[in-house]
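I have placed the structure first, in the form of structure tokens, so that the comments after it can refer back to it.
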Amino acid sequence: IEEYRTDEPFDVVFMSHVLEHVVDPVDTLEKVKALLRPGGVVYVETPNVGALDARAFGSNWGLIHFPRHTYLFDRHTLADVVRRAGLTVVEQGFELNSCGWALSVQSALRRRGWDRSKKPRSAYYPLLLVGFLPVNLIDFGFGGPAFMSLVAHRERE
């Protein structure tokens, strides 16, 4: 995005699991804002460090992915970064996905030596995904599930 140039503004910019990887989220969103036409929309999806599984597993949460994830957000810090970039938050939501729980449990089993698989996802990983889906319903009452979304727009000038 640092080098992208165009004379044609966008109606929508879709950023699914991008913002947690950038060095300066505010700067990146300012550049996205410059690419949007007035009234244009940006959709952001990112891990939610405020999720129950993130709080339960702490530094062993399966979605930390250090050093690839340079920033982790909760719903408040994500909205703050978007506003600091000069965009207006339209709505925030959560995505039903149990991979935060599943990855965290898989990693815990590996740390204990009970899973010696070298593959990114063990054979039982799909069972963890399905098994933890009902827990996502509980997550909604405790900071939301592991993935969240936000829609913001550039004000009309």
Side-chain angles (χ1 to χ4, degrees), residues 1-2 12-33 36 40-154:
I1 196 163
E2 287 79 11
V12 176
V13 172
F14 184 83
M15 298 178 73
S16 179
H17 296 275
V18 173
L19 205 56
E20 65 271 20
H21 296 273
V22 302
V23 174
D24 186 339
V26 174
D27 183 62
T28 298
L29 287 166
E30 287 172 342
K31 290 175 177 147
V32 166
K33 178 185 174 189
L36 289 171
V41 172
V42 60
Y43 173 86
V44 177
E45 192 173 271
T46 186
N48 172 19
V49 76
L52 183 58
D53 50 322
R55 290 182 283 144
F57 285 94
S59 64
N60 292 314
W61 185 42
L63 295 175
I64 289 179
H65 295 190
F66 182 80
R68 293 182 304 128
H69 286 176
T70 55
Y71 286 91
L72 293 171
F73 306 93
D74 64 19
R75 62 181 292 121
H76 304 291
T77 57
L78 180 61
D80 182 56
V81 164
V82 168
R83 286 185 193 104
R84 287 175 38 212
L87 295 160
T88 302
V89 176
V90 175
E91 71 179 60
Q92 287 185 267
F94 296 106
E95 308 305 318
L96 188 63
N97 189 316
S98 58
C99 79
W101 287 103
L103 283 171
S104 299
V105 169
Q106 176 186 270
S107 296
L109 295 173
R110 288 180 175 181
R111 279 191 309 279
R112 287 174 176 75
W114 299 342
D115 175 353
R116 298 188 195 285
S117 174
K118 300 295 181 206
K119 295 181 179 179
R121 305 290 180 267
S122 296
Y124 60 85
Y125 181 77
L127 297 173
L128 291 174
L129 284 175
V130 172
F132 279 106
L133 273 176
V135 179
N136 276 170
L137 299 176
I138 296 168
D139 288 339
F140 281 97
F142 294 94
F147 291 143
M148 62 183 170
S149 60
L150 180 145
V151 176
H153 71 89
R154 178 179 173 178

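By convention here, the first residue in the shown sequence is residue 1. No experiment lies behind these values; they were computed from the predicted model shown.
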Candidates Trp61, Tyr125, Phe132 - the one meeting ring pair (Phe, Tyr, Trp, His ring centres under 6.0 Å) with Trp101 = Phe132
inquiry  = Using 0.5 Å steps for rounding, measure from the CG atom of Leu63 to the NE2 atom of His69.
reply    = 7.0 Å
task = Flag the pair His17 / Phe147 as yes when their ring centroid distance falls below 6.0 Å, and as no otherwise.
result = yes
ask   = If we only count heavy atoms from C-beta on, is the Asn48 to Phe94 side-chain gap below 4.5 Å?
value = yes
request  = Sort out for me which residue in Leu103, Asp139, Val130, Leu129 forms a side-chain contact (heavy atoms from CB on, under 4.5 Å) with Ser98.
outcome  = Leu129
key: Derivation of the side-chain contact (heavy atoms from CB on, under 4.5 Å) call for Val32 and Met15   = CA-CA 10 Å; Val32 166; Met15 298 178 73; 3.8 Å; yes
message = Nearest 0.5 Å, please: how far is CD in Glu30 from CD1 in Ile1?
response = 11.0 Å
task = State, with a plain yes or no, whether a side-chain heavy atom of Asp80 is found less than 4.5 Å away from one of Phe73.
result = no
request  = Kindly compute the distance separating CE (Met148) from CG (Leu78), expressed to the nearest 0.5 Å.
outcome  = 4.5 Å
Exam field: side chain His153 to backbone Thr88, donor-acceptor pair closer than 3.5 Å = no
request  = Could you tell me whether the side chain of Leu36 reaches within less than 4.5 Å of the side chain of Val41, counting heavy atoms only?
outcome  = no
note = CG (Asn136) and CG (Leu133) are apart, to the nearest 0.5 Å, by 6.0 Å
Closest non-hydrogen atom pair, Val49 against Asp74 = CG1-N, 3.7 Å
query = With a 4.5 Å limit on heavy-atom distance, are the side chains of Val42 and Val12 in contact?
reply = no
query = So Ser122 and Arg110, side chain to side chain donor-acceptor pair (under 3.5 Å) or not? Walk me through it.
reply = CA-CA 10 Å; Ser122 296; Arg110 288 180 175 181; 2.8 Å; yes
ask   = Heavy-atom distance under 4.5 Å between the side chains of Gln92 and Val89, does that happen here?
value = yes
remark   = Lys33 and Gly86 have their tightest heavy-atom pair at NZ-O, 3.4 Å
task = With Pro25 as reference, evaluate Thr46, Leu19, Val82 under the side-chain contact (heavy atoms from CB on, under 4.5 Å) test and give the passing residue.
result = Leu19
ask   = Do Thr28 and Lys31 come close enough that some side-chain heavy atom pair is under 4.5 Å?
value = no
Spatial distance of atom OH (Tyr124) from atom CD (Gln106) [nearest 0.5 Å] = 4.5 Å
key: Min side-chain heavy-atom separation Asn60-Arg111 under 4.5 Å   = yes
task = State whether the number of non-hydrogen atoms from other residues, nucleotides or ligands found under 6.0 Å of Phe142 atom CZ is greater than 12.
result = no
inquiry  = Side chains of Glu95 and Ser149: any donor to acceptor distance under 3.5 Å?
reply    = yes
query = Of all heavy-atom pairs between Ile64 and Gly58, which one has the smallest distance, and what is that distance?
reply = CD1-O, 3.6 Å
ask   = If you measure from OG1 on Thr77 to CZ on Arg84, what distance do you get to the nearest 0.5 Å?
value = 10.0 Å
message = Testing the basics here: between Ser104 and Gly62, what is the closest heavy-atom pair and its distance to 0.1 Å?
response = OG-N, 2.7 Å
query = Would you say the side chain of Phe140 lies within less than 4.5 Å of the side chain of Leu96, judging by non-hydrogen atoms?
reply = yes
query = Are the side chain of Arg55 and the backbone of Gly50 linked by a donor-acceptor contact shorter than 3.5 Å?
reply = yes
